[in-house]
J.: 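Input: one structure, supplied below.
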Amino acid sequence: NAWGDFTTASWLPGAPVRATIDVVKIHLIDGTYELFRCFYGAPSKKHGGREVGATRALVRSFAARLRTGDVTHVAAAFDTVIESFRNELFTGYKTGEGIDPELFSQFPLAEEAMAALGITVWPMVDFEADDAIATAAKKFAKHKDVEQVLLCSPDKDLAQCVEGKRIVSYDWAKQIELDEKGVNEKFGVPPSAIPDLLALVGDTADGIPGIDRWGMKSAANVLAAYGCLEKIPADAAKWTVKVRGADALAASLNASRKEAALYKKLATIRYDVPLKETLKDIAWRGADRKAIEKLAPVIADPELATRIEKWA
């Protein structure tokens with residue numbers, strides 16, 4: 001077919017022979033999040049005086065996920081440079097400052113490792129990984145042969161990109177999927193209001209301070225009534241929803257409308273990252289044998305090739 005032959009007979013003992021996969025599900029991975037998760041969740045491993053534990057765990061994790069046979073099309077976006085255009089808008093936005101050097105030094109290696117697994121890699125410099133994921137989701141969800149796009153990250157920022165059951169948020173490690181209804185139930189607002197929610201309550205991971213006095217419950221209740229922060233009446237007496245401390249909340253927002261607008265802009269994901277790949281380009285055809293053989297000694301995993309089931 002147009003995306004290659006996905007018929008795979010496993011060579012692993014006792015593994016079932018899988019039939020051709022007709023359903024196209026796109027997995028879009030937040031590579032930066034996954035690397036952080038591995039760094040803080042996996043054992044340290046040094047090789048040649050260099051810390052490689054997170055990358056080693058990352059490769060092992062995704063080699064296992066690719067063996068399930070559920071992945072037909074996949075790409076991973078990385079924050080190759082932590083800073084982005086958003087740092088030019090707000091000096092308090094997140095930077096690479098404070099990142100453990102042993103983690104930061106693995107960023108290039110992690111990108112190399114994911115590419116070796118046959119995963120399309122998008123290294124972000126001016127934009128962020130979330131922007132690339134969102135752009136790809138919008139682009140590929142329009143394709144008639146795509147059944148579903150999975151935004152593989154538990155990051156609440158990406159919840160704004162969820163559309164019905166077609167584009168969903170997916171925590172791969174916990175196997176938790178959130179469709180549009182799920183986002184509403186979890187956050188109290190629809191996907192479209194997530195940037196407004198983050199503008200009001202803040203997002204410490206991204207360096208967005210939020211508006212004083214506003215908490216998750218109050219913000220969700222008010223936004224559920226008005227849809228976006230711009231439509232929240234200045235006079236709390238005109239609010240159609242009852243919220244504790246409404247007068248103080250209104251006063252705080254009124255004094256910081258300009259800041260709230262900026263925070264919303266920072267929290268709003270972009271959909272205009274110049275991604276050249278087509279649906280065919282992100283089809284997963286297997287790992288790159290030469291690249292895996294080159295990577296294995298670097299990450300101190302001589303048995304890495306045995307973890308690979310399918311080669312390109």
Side-chain angles (χ1 to χ4, degrees), residues 30 33 82-95 97-98 127-131 133-134 137 151 153-164 167-169 171 174 176-271:
D30 183 342
Y33 164 78
I82 298 299
E83 291 77 6
S84 69
F85 72 91
R86 292 180 176 87
N87 293 90
E88 298 176 4
L89 301 175
F90 181 54
T91 56
Y93 198 69
K94 67 180 179 182
T95 67
E97 185 177 353
F127 291 91
E128 295 181 45
D130 286 353
D131 299 315
I133 291 170
L151 312 173
S153 170
D155 191 342
K156 54 184 174 291
D157 293 12
L158 283 170
Q160 66 189 270
C161 307
V162 171
E163 294 182 5
I167 301 177
V168 300
S169 172
D171 185 333
K174 297 181 180 179
I176 297 175
E177 181 179 309
L178 284 182
D179 58 11
E180 194 164 334
K181 180 182 178 182
V183 170
N184 217 324
E185 291 175 348
K186 181 175 182 177
F187 298 105
V189 297
S192 60
I194 291 294
D196 303 83
L197 185 71
L198 296 177
L200 291 173
V201 305
D203 187 348
T204 54
D206 287 342
I208 299 175
I211 304 304
D212 190 36
R213 294 182 179 275
W214 286 83
M216 187 65 75
K217 185 175 181 180
S218 59
N221 287 339
V222 175
L223 287 171
Y226 295 105
C228 63
L229 59 85
E230 292 86 356
K231 293 182 179 180
I232 300 174
D235 185 354
K238 296 182 179 180
W239 288 7
T240 57
V241 59
K242 292 184 178 181
V243 181
R244 178 180 292 183
D247 289 335
L249 290 170
S252 180
L253 177 58
N254 291 335
S256 307
R257 289 275 181 175
K258 184 177 180 181
E259 289 82 359
L262 173 59
Y263 300 157
K264 178 177 177 177
K265 187 173 184 178
L266 295 172
T268 301
I269 291 178
R270 296 269 294 269
Y271 293 94

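Residue indices begin at 1 and follow the sequence shown.
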J.: Can you tell me if Asn221 uses its side chain to pair, donor with acceptor, with the backbone of Ser218 under 3.5 Å?
T.: no

J.: Looking only at non-hydrogen atoms, find the nearest pair between Leu89 and Leu266 and report the distance.
T.: CB-CD2, 4.0 Å

J.: Taking Tyr93 for its side chain and Glu88 for its backbone only, find out whether a donor-acceptor pair lies under 3.5 Å.
T.: no

J.: Just so I know, are the side chains of Pro209 and Glu259 near enough to count as touching, which here means a heavy-atom distance under 4.5 Å?
T.: no

J.: For Ile167 and Ala137, work out which heavy atoms get closest and say how close.
T.: CD1-O, 3.8 Å

J.: At what distance, to the nearest 0.5 angstrom, does CG of Leu200 lie from CG of Leu253?
T.: 6.5 Å

J.: Can you measure from CD (Glu128) to CD1 (Ile133) and round to the nearest 0.5 angstrom?
T.: 10.5 Å

J.: Write down the atom of Ala219, the atom of Val201, and the distance for their closest heavy-atom approach.
T.: CB-CG1, 3.7 Å

J.: Going from NZ on Lys156 to CG on Leu198, what distance comes out if it is rounded to the nearest 0.5 angstrom?
T.: 6.5 Å

J.: Atom CZ of residue position Arg213 - does it have more than 12 heavy atoms of other residues, nucleotides or ligands inside 6.0 Å?
T.: no

J.: What are the two closest non-hydrogen atoms of Lys238 and Pro233, and how far apart are they?
T.: CB-CB, 4.2 Å

J.: Would a 4.5 Å heavy-atom cut-off, applied to side chains only, mark Trp214 and Leu229 as touching?
T.: no

J.: OG1 of Thr268 to CG of Asp131: how many Å apart, nearest 0.5 Å?
T.: 10.0 Å

J.: When you compare the side chain of Asp196 with that of Glu230, does any pair of heavy atoms fall below 4.5 Å?
T.: yes

J.: Treating Asp157 as the side-chain partner and Ala267 as the backbone partner, does any N or O pair qualify as donor plus acceptor under 3.5 Å?
T.: no

J.: When you measure from the side chain of Asp212 to the backbone N and O of Ser252, does any donor-acceptor pair fall under 3.5 Å?
T.: no

J.: May I have the step-by-step check of side-chain contact (heavy atoms from CB on, under 4.5 Å) for Lys186 and Ile176, ending in yes or no?
T.: CA-CA 12 Å; Lys186 181 175 182 177; Ile176 297 175; over 6 Å; no

J.: Tell me, do Val183 and Val189 make a side-chain contact under 4.5 Å, heavy atoms counted?
T.: no

J.: Once you round to the nearest 0.5 Å, how far does CD1 of Ile208 lie from CZ of Arg86?
T.: 8.5 Å

J.: On a heavy-atom basis, which atom in Ile269 and which in Ala134 lie closest, and how many Å separate them?
T.: CG2-CB, 3.2 Å

J.: Between Val162 and Ser169, does the side-chain contact (heavy atoms from CB on, under 4.5 Å) criterion hold? Intermediate values first, please.
T.: CA-CA 6 Å; Val162 171; Ser169 172; 4.1 Å; yes

J.: Could you walk me through whether Val243 and Leu249 satisfy the side-chain contact (heavy atoms from CB on, under 4.5 Å) test, starting with their C-alpha distance in whole Å, then the side-chain angles of each, then the deciding distance to 0.1 Å, before giving a yes or no?
T.: CA-CA 9 Å; Val243 181; Leu249 290 170; 3.6 Å; yes

J.: Could you walk me through whether Tyr263 and Asp203 pass side-chain contact (heavy atoms from CB on, under 4.5 Å), step by step?
T.: CA-CA 9 Å; Tyr263 300 157; Asp203 187 348; over 6 Å; no

J.: Rounded to the nearest 0.5 Å, what separation is found between the OH atom of Tyr33 and the CG atom of Asp155?
T.: 9.0 Å

J.: Does Asp235 reach the main-chain N or O of Ala237 with its side chain, forming a donor-acceptor pair under 3.5 Å?
T.: yes

J.: Can you name the closest pair of heavy atoms from Ala250 and Ala234 and give their distance?
T.: CB-O, 3.6 Å

